[in-house]
There are 2 protein chains.
Amino acid sequence: MPLPAARYATGMTKPTADQIATLGAAFQAFVRRFKLADAGNFDKPLNELDVQTLLYIARHSDCGPTDIARYLGLAATTISSATDRLAKRGLLERHRIEGDRRAVALRLSEEGSARATAQLEAYNALNVTMLERLEPAERETFIRMVTKIAYHED
Amino acid sequence: MPLPAARYATGMTKPTADQIATLGAAFQAFVRRFKLADAGNFDKPLNELDVQTLLYIARHSDCGPTDIARYLGLAATTISSATDRLAKRGLLERHRIEGDRRAVALRLSEEGSARATAQLEAYNALNVTMLERLEPAERETFIRMVTKIAYHED
DNA sequence: ATTGAATAATCCGAACTTCGTCATATCTGC
DNA sequence: GCAGATATGACGAAGTTCGGATTATTCAAT
C-alpha cells in the first residue's frame, strides 16, 4: 500500500516531496562515498558483531555474555561465538569471577583496548569530516537539529 | 595511532571535542531507535545484499549480474547467489537477450517491483519522520547542510 | 574458416556466521 | 539437601560470501 503522495498545495507541516527526495538522494550519496572509503582499514577486517561486542565490553568491563546478548538482541550462543573469536585473537580475556562461579567476566586485553579506542576514533573521524564540511558557524545548528531528530519524543 | 585530541583553545576551523561527541551520541541514539523500529516489516525479512540487488535492478532493468557486482564491489558469484535467491522467491526473472547469448537480462517480476517500491517508500518514510521532527522553517536548512556534506568535493 | 584469447554467467567447495539444542556447572529458595 | 532456574560452552544445521574451475559465447587475428 503506497503512501499518499505528499500534498504540495497545503504548505502545512508536511515536508514536500521535493524535500524528501533531495534528502534521500543526499543520504544515499553520503553512505555510498563512505562505504567505499571505508575499505582497507585494519590488519584483519573484524566482523561487525565483533566490533559491537568489543565496544560494549569497552564500556562495560567485566560484563557477561548474557548482558551483551540482551543489549544487542541476539542469542546468547551467538555472543559466545563472538567472544570466542575475540579471545582467539587475543583481544579479550575471560575471567572467572568470585561471587558467581558460573559467570565469566569479560575484559579487554591491552590490544583489545587499543582496538576499541581506534574504532571509536574512526567513528569520530567520520563526525569530524562531516562537521568540517560545514562553516564553523553552521556546525552548532547542524548538531542541534540532529540532536532534535534523534531524541525527539513520540 | 590515536588522533591528536581536538584543541579547545584555538577556536579555529576544527570542530570542538564537545561537538564531535554530541554529534556521535546523537547518531548512535538515532541508529539504535530506528534499528528497533525496523523489525517486523515483511513476509520474509530479505537479505541486505538482496535488497541492494533488487533496488539496483529496479533502477537498471535488463542489466546483467556483472553490472551489479561492479556497482556493489562484490564477486560475481555472490551476485549469482543473490539473484538465485530473488528468482527462487519469484521477485525477478532471467531473460536471454538477443544481442549476446552469454548474457542474461535481469528484470523484476510484478511482485519484485512492488517490493522494490515498498522498500523505497520505507526509506522515504524514514526521511519524512526526520523532517517532521524539525520545524517547517528549519527543514530547508537541514537539507542544505546534509547536501553540502554529502556532495562536498575533496 | 579456424584458432585462441577474452568475457558472461554459473557450479562447486571451503570457510565463516548465526542460532537452536543439549550438556555442564552453579546458584537460590524452600 | 533438592528442585528448578541460570550462565556458559559444545555441537551441528542452515545460510552466506567468495575463489577456482567450467561452460557457452563473442571477438580478433591470422
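Numbers restart at 1 for each chain; the letters A, B, ... are given by sequence-line order, proteins then strands.
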Requested in this report: For A:Arg85 and C:dC19, give me the distance from atom CZ to atom P, rounded to whole Å.
Outcome: 11 Å

Report summary line: 5'-most to 3'-most nt of DNA chain D touching chain B (<4.0 Å, heavy-atom partner on protein side) reads D:dT16 to D:dT26

Query - Pairing of B:Lys148 and A:Glu135 as salt bridge, 4.0 angstrom limit - result: yes

Report task. Kindly indicate whether the side chain of B:Ile143, heavy atoms from C-beta on, has any atom under 4.5 Å from the side chain of B:Leu131. Result -> yes

Query raised in the report: Taking NZ, NE, NH1 and NH2 as the nitrogens, is one of them in B:Asp84 or B:Arg89 under 4.0 Å from a carboxylate oxygen of the other?
Result: no

Query raised in the report: Considering only heavy atoms, which members of residues 47-64 of chain B lie under 4.0 Å from some atom of DNA chain C?
Result: B:Gly64

Query - A:Gln19 side chain reached by B:Glu140 side chain, heavy atoms, under 4.5 Å - result: yes

Requested in this report: Report yes if some heavy atom in the side chain of A:Ile20 is under 4.5 Å from a heavy atom in the side chain of A:Thr16; otherwise report no.
Outcome: no

Query raised in the report: Between A:Leu86 and A:Leu46, is any pair of side-chain heavy atoms under 4.5 Å apart?
Result: yes

Report task. May I have the distance from B:Asp84 (atom CG) to C:dA9 (atom P), rounded to whole angstrom? Result -> 13 Å

Report task. Report yes if a side-chain nitrogen or oxygen of A:Thr78 is closer than 4.0 Å to either non-bridging phosphate oxygen (OP1 or OP2) of C:dC19; otherwise report no. Result -> yes

Report task. Would you indicate whether the side-chain heavy atoms of A:Leu108 and A:Leu54 approach each other to under 4.5 Å? Result -> yes

Query - Gap between atoms CG and P, on B:Leu92 and C:dA9 respectively (whole Å) - result: 13 Å

Requested in this report: Would you classify A:Leu74 as touching base, sugar-phosphate or nothing, given that sugar-phosphate means primed atoms plus P, OP1 and OP2, and contacts are heavy atoms under 4.0 Å?
Outcome: sugar-phosphate

Query raised in the report: Do B:Arg144 and A:Glu138 sit within salt-bridge range, that is, some charged N less than 4.0 Å from a carboxylate O?
Result: yes

Query raised in the report: With a 4.5 Å heavy-atom cut-off, do B:Gln52 and B:Leu72 have their side chains touching?
Result: yes

Query raised in the report: Would B:Arg115 and B:Asp50 pass as an ion pair if we require N to O under 4.0 Å?
Result: no

Requested in this report: Go through residues 96-107 of chain A and report each residue with a non-hydrogen atom lying under 4.0 Å from DNA chain C, sorted by number.
Outcome: A:Gly99, A:Asp100, A:Arg101, A:Arg102

Query raised in the report: Checking all strands, does B:Thr77 fall into the base, sugar-phosphate, or nothing category for heavy-atom contacts under 4.0 angstrom?
Result: base

Requested in this report: Could you check if a side-chain atom of A:Arg85 sits within less than 4.5 angstrom of a side-chain atom of A:Asn47, using non-hydrogen atoms only?
Outcome: yes

